[in-house]
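Report on the following structure.
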Amino acid sequence: MFNQTIRPRRLRTSAGLRKLVRETRISPESLIWPIFVVEGENIYEEIPSLPGQYHYSPDQLYRMVERAKAHGVTRVILFGLPKDKDEIGSGAWATDGIVQQGIRKIKELAPEMYVVTDVCMCEYTSHGHCGILCDHYVDNDQTIERLAQIALSHAEAGADMVAPSDMMDGRVAAIREKLDANGFVNVPIMSYAAKYASFFYGPFRDAAGSAPSFGDRRSYQMDWHNGREAMRECELDVQEGADILMIKPALSYLDLVYQCKQRFDLPVAAYAVSGEYAMIKATAKAGLIDEYGVMCESAVSIYRAGADILITYFACELADAIRKGDIG
Ligand code: PBG
């Protein structure tokens, strides 16, 4: 008969002991909060598809800054909703474009806030695709030139870091070259290295008005049957000069977060996307789960898989949970 000398439960006997032996440590410093900036004035509206998240016109961004500060969140990633769109998404690189306005406003209100920008065209093109169309196909090489221009315009407006989310080939190299040639050698690139053509982006596309008007994104975003291909995408981005590799979405892709952490020496970011957030919100509202508990558990699982950075709509609530010691 097995004598009970070995008892894993021994280390679970008190909250203090469980905290002592936690394997996953999280800091609020590793959280990035996605923010939607809308062209116009006096706009501060809750986003129906993302309860608890808001559309802010630049003059209302002080509300976001106040909320972030109250929770100790110091990093945001900006998405822009322009008034006008066109075929080539020219609003994306306009000097007075909405993201550029948003960056300046946040830096004016809170210079210490770390501002990352999403570099993409889908919110700015009339057709909702992430690049320049050639017939019905997104033309890779024309698009990466524009992406580099967008990234530069963000850096010029004061962005601390740029994050291309388009999934064109060669865009990291094109952006690096453009930033360097213009004196922004120290603006890092966090590449959405492995970004899947995911159904989990549904609520975001409502929030950002960026659903494609025809077809889907499968000719540029990845097929979710593939995992090895994600490592190839990461490898290429490393070679092109990415500073941080991101896996997106997070929860259904933890195998890739794990592999990315094992294989590469760059910091790994994971994006817990809109559908992940909305599912937790909706199920909790239906009384089926404990929102706080599921939020904590799912975030910790992403870090446990290997994420160093988490981009999440729950940034403020998670920062509180970490500070209270419930996680982290
Ligand atoms: C832009 C972009 C998207 C997301 C981040 N950047 C949407 C898309 O690719 O369709 C999704 C984020 C989320 O769902 O929270 N290309």
Side-chain angles (χ1 to χ4, degrees), residues 31-37 47-55 76-82 85 89 91-92 97-99 102 116-125 127-133 138 140 143-144 146-147 150-151 154 159 161-168 171-172 175 189-224 233 244 246-253 269-282 295 298-299 302 309-315:
L31 297 166
I32 302 180
W33 187 24
I35 299 297
F36 297 90
V37 193
I47 301 170
S49 64
L50 293 171
Q53 306 301 312
Y54 293 80
H55 280 141
V76 291
I77 179 165
L78 299 189
F79 296 91
L81 281 80
K85 306 189 185 215
I98 183 58
V99 162
V116 185
T117 57
D118 181 84
V119 175
C120 196
M121 300 179 69
C122 58
E123 294 104 350
Y124 303 88
T125 51
H127 43 76
H129 278 285
C130 302
I132 307 287
L133 287 185
V138 175
N140 194 87
T143 301
I144 63 176
R146 295 303 191 183
L147 292 166
I150 298 168
H154 291 175
M161 179 186 284
V162 293
S165 68
D166 50 281
M167 288 304 280
M168 299 301 128
R171 93 278 207 204
V172 171
I175 291 172
I189 300 175
M190 172 164 67
S191 90
Y192 287 69
K195 175 175 175 182
Y196 285 83
S198 173
F199 286 102
F200 287 96
Y201 307 150
F204 173 96
R205 290 184 190 166
D206 282 340
S210 67
S213 62
F214 66 88
D216 52 43
R217 303 209 198 291
R218 293 181 206 203
S219 80
Y220 40 102
Q221 298 180 350
M222 288 180 58
D223 179 346
W224 22 266
E233 286 282 6
I244 298 174
M246 190 206 301
I247 305 292
K248 178 187 173 194
L251 272 190
S252 297
Y253 298 83
Y271 195 145
V273 301
S274 56
E276 301 178 42
Y277 175 82
M279 285 196 306
I280 295 175
K281 283 286 186 187
M295 168 190 81
S298 53
I302 297 166
I309 297 166
L310 179 61
I311 302 161
T312 171
Y313 301 94
F314 279 123

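Note that ligands are numbered from 1 as they come in the structure, with each ligand's atoms numbered from 1 the same way. Predicted, not measured: the structure shown is a model, and the values here were computed from it.
Nearest heavy-atom pair, Glu123 versus Phe79, reported as atom, atom and distance to 0.1 Å: OE2-CD2, 3.7 Å.
In this structure, atom 10 (O) of ligand 1 lies nearest to the protein heavy atom Arg205 NE, 2.6 Å. In terms of protein heavy-atom proximity, atom 16 (N) of ligand 1 is closest to Lys195 NZ, 3.0 Å. Among all non-hydrogen protein atoms, the one lying nearest atom 14 (O) of ligand 1 is Ser274 OG, 2.6 Å.
Considering CZ of Arg171 and CG of Asp166, their distance stands at 4.5 Å, rounded to 0.5 Å. Rounding to the nearest 0.5 Å gives a distance of 9.0 Å between OH of Tyr201 and OG of Ser165. A distance of 7.0 Å separates CD1 in Ile77 from OG1 in Thr117, rounded to the nearest 0.5 Å. Taken from CE in Met279 to OG in Ser274, the straight-line distance is 10.0 Å, to the nearest 0.5 Å. Annotation: the span from Met190 atom CE to Ile309 atom CD1 amounts to 6.0 Å, rounded to 0.5 Å. Within the model, atoms CE of Met168 and CE of Met121 stand 9.0 Å from one another, a figure rounded to the nearest 0.5 Å.
Atoms of ligand 1 found under 4.0 Å from any heavy atom of Phe79 (numbered from 1 in listed order, with element): 5 (C), 6 (N). Taking every heavy atom of Arg217 and a limit of under 4.0 angstrom, the matching atoms of ligand 1 come to 8 (C), 9 (O), 10 (O). Of all the atoms in ligand 1, the ones that sit under 4.0 Å from a non-hydrogen atom of Cys122 are 1 (C), 16 (N). Listed by atom number, the atoms of ligand 1 under 4.0 Å from Tyr271 heavy atoms are 12 (C), 15 (O).
Note on ring orientation: taking the six-membered ring where Trp is involved, the planes of Tyr313 and Tyr271 are tilted (angle from 30° to 60°). Between Phe36 and Phe204, the ring planes lie tilted relative to each other; the angle falls in the 30° to 60° range.
Looking at Ser49, Pro34, Ser165 and measuring to atom 1 (C) of ligand 1, the nearest heavy atom belongs to Ser165. Ranked by closest heavy atom to atom 15 (O) of ligand 1, the top entry among Tyr192, Tyr220, Tyr313, Tyr201 is Tyr313.
Considering backbone and side-chain atoms alike, Gln221 places an N or O below 3.5 Å from some N or O of ligand 1.
Distances shorter than 4.0 angstrom occur between a heavy atom of Lys248 and an atom of ligand 1. Look at Ser210 and you'll find every heavy atom at least 4.0 Å from all atoms of ligand 1. Not a single heavy atom of Tyr277 sits less than 4.0 Å from an atom of ligand 1.
Contacts with ligand 1 closer than 4.0 Å are made by side-chain heavy atoms of Cys120 only, the backbone lying farther away. Contacts between Asp166 and ligand 1 below 4.0 angstrom, taking non-hydrogen atoms only, are absent altogether.
Other residues, nucleotides and ligands place more than 12 heavy atoms under 6.0 Å from the OH atom of Tyr196.
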